[in-house]
K.L.:
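Before anything else, here's the structure in question.
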Amino acid sequence: KAGVTQTPRYLIKTRGQQVTLSCSPISGHRSVSWYQQTPGQGLQFLFEYFSETQRNKGNFPGRFSGRQFSNSRSEMNVSTLELGDSALYLCASSLEAGDVNIQYFGAGTRLSVL
Amino acid sequence: AQSVTQLDSQVPVFEEAPVELRCNYSSSVSVYLFWYVQYPNQGLQLLLKYLSGSTLVESINGFEAEFNKSQTSFHLRKPSVHISDTAEYFCAVGTSRAAGNKLTFGGGTRVLVKP
């Protein structure tokens with residue numbers, strides 16, 4: 001079974017631009033979560049989507065948004081990029097079963113904002 | 001709210017020596033505990049998890065972790081490390097789907113295995 005696939009792996013943007021990152025979950029997984037990883041702040045939860053609805057949201061500004069499609073694939077968008085948005089963005093998918101979702105991560109998209 | 005503290009940011013260790021990575025958490029609700037490993041330029045891989053039952057959990061590559069509720073800890077150990085264990089290790093707490101289904105991570109511990 002294929003794992004979580006994130007595209008692209010690397011992105012370089014300039015300040016003020018916007019960017020869209022894509023995540024394809026493991027087949028059969030319907031929940032997708034996004035995390036930001038930076039050297040200073042570590043791993044921080046951005047948001048979670050399930051059945052095309054945002055179910056949970058972290059403490060990030062409105063410039064960060066996402067969506068989920070009917071096939072469970074998810075995208076996240078960052079508008080008006082700032083230098084501080086440079087990070088590794090990780091997507092995780094999980095199977096809706098049992099009391100707790102176990103999250104499986106993709107390789108990430110490394111975003112550099114110049 | 002949950003929080004996770006990994007007490008060591010870096011742990012150098014010689015090959016074939018034992019290693020222990022410390023993790024303490026705080027939470028107002030029941031938690032589920034995870035260790036993830038991140039190799040250079042890669043994402044996170046699930047190493048092991050505690051959901052319920054036996055407090056000692058093991059991974060297929062020789063790591064083990066013990067859930068200690070009274071000390072709110074979930075320390076990771078390996079009796080004999082290999083060069084290939086060089087990576088960053090993250091402890092995380094998760095909540096039930098009803099409570100929000102998100103992971104809260106510690107700051108990570110970099111393990112450098114020396115020959």
Side-chain angles (χ1 to χ4, degrees), chain A residues 2-7 9-10 21 23-26 29-51 53-60 66 87-110 112, chain B residues 1-10 21 23-25 27 29-53 57 59-60 65 67 74 87-110:
Chain A
V4 178
T5 304
Q6 292 189 246
T7 56
R9 288 293 312 278
Y10 302 93
L21 283 54
C23 173
S24 293
I26 293 170
H29 286 195
R30 295 193 296 155
S31 169
V32 173
S33 300
W34 290 89
Y35 294 82
Q36 180 195 65
Q37 185 179 23
T38 60
Q41 300 298 315
L43 280 153
Q44 295 185 286
F45 172 76
L46 279 156
F47 29 64
E48 183 211 6
Y49 285 86
F50 174 72
S51 289
T53 302
Q54 188 180 87
R55 186 162 66 174
N56 203 356
K57 188 179 188 312
N59 189 26
F60 277 81
L88 180 66
Y89 290 89
L90 292 164
C91 166
S93 75
S94 53
L95 183 66
E96 289 285 304
D99 191 41
V100 59
N101 284 352
I102 299 168
Q103 298 188 27
Y104 297 91
F105 286 80
T109 294
R110 185 165 296 281
S112 298
Chain B
Q2 294 77 42
S3 68
V4 180
T5 302
Q6 291 184 243
L7 295 161
D8 305 296
S9 59
Q10 292 190 69
L21 309 184
C23 171
N24 287 92
Y25 69 92
S27 175
V29 298
S30 297
V31 296
Y32 305 91
L33 295 157
F34 304 87
W35 276 99
Y36 284 86
V37 59
Q38 186 174 37
Y39 298 101
N41 299 315
Q42 295 189 27
L44 301 176
Q45 296 179 26
L46 180 64
L47 190 59
L48 44 75
K49 61 186 181 293
Y50 171 77
L51 303 182
S52 64
V57 290
S59 72
I60 57 173
F67 170 57
F74 190 54
E88 190 159 19
Y89 294 79
F90 292 92
C91 181
V93 298
T95 55
S96 67
R97 285 192 283 128
N101 189 40
K102 73 169 192 176
L103 291 173
T104 301
F105 288 91
T109 299
R110 286 189 186 277

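Each chain gets a letter, A, B and so on, in the order its sequence line appears, and its residues count up from 1. Worth knowing before you read on, the calculation uses all heavy atoms, side chains too, and leaves out hydrogens, waters and symmetry mates.
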K.L.:
Give me the atom names and distance for the closest heavy-atom approach of A/Phe105 to B/Leu44.
P.N.:
CB-O, 3.3 Å
K.L.:
Which residue out of B/Thr104, B/Leu103, B/Leu46, B/Leu51 racks up the most heavy-atom pairs below 4.5 Å with chain A?
P.N.:
B/Leu103
K.L.:
Measuring heavy-atom distances to chain B, does A/Tyr35 have an atom under 4.5 Å in its side chain, in its backbone, in both, or in neither?
P.N.:
side chain
K.L.:
Quick check on the interface: out of A/Ala107, A/Gly58, A/Gly42, A/Ala92, who has the most heavy-atom pairs with chain B under 4.5 Å?
P.N.:
A/Ala107
K.L.:
Does any backbone or side-chain atom of A/Gln37 lie under 4.5 Å from a heavy atom of chain B? Answer side chain, backbone, both or neither.
P.N.:
side chain
K.L.:
Does some side-chain heavy atom of B/Tyr36 sit less than 4.5 Å from a side-chain heavy atom of A/Gln103?
P.N.:
yes
K.L.:
Verify side-chain contact (heavy atoms from CB on, under 4.5 Å) between B/Gln38 and A/Leu88, making sure each step is shown before the conclusion.
P.N.:
CA-CA 12 Å; B/Gln38 186 174 37; A/Leu88 180 66; 3.6 Å; yes
K.L.:
Apply the test side-chain contact (heavy atoms from CB on, under 4.5 Å) to residues A/Ile102 and B/Phe34: give CA-CA distance (whole Å), side-chain angles for both, the deciding distance (0.1 Å), then the verdict.
P.N.:
CA-CA 9 Å; A/Ile102 299 168; B/Phe34 304 87; 4.2 Å; yes
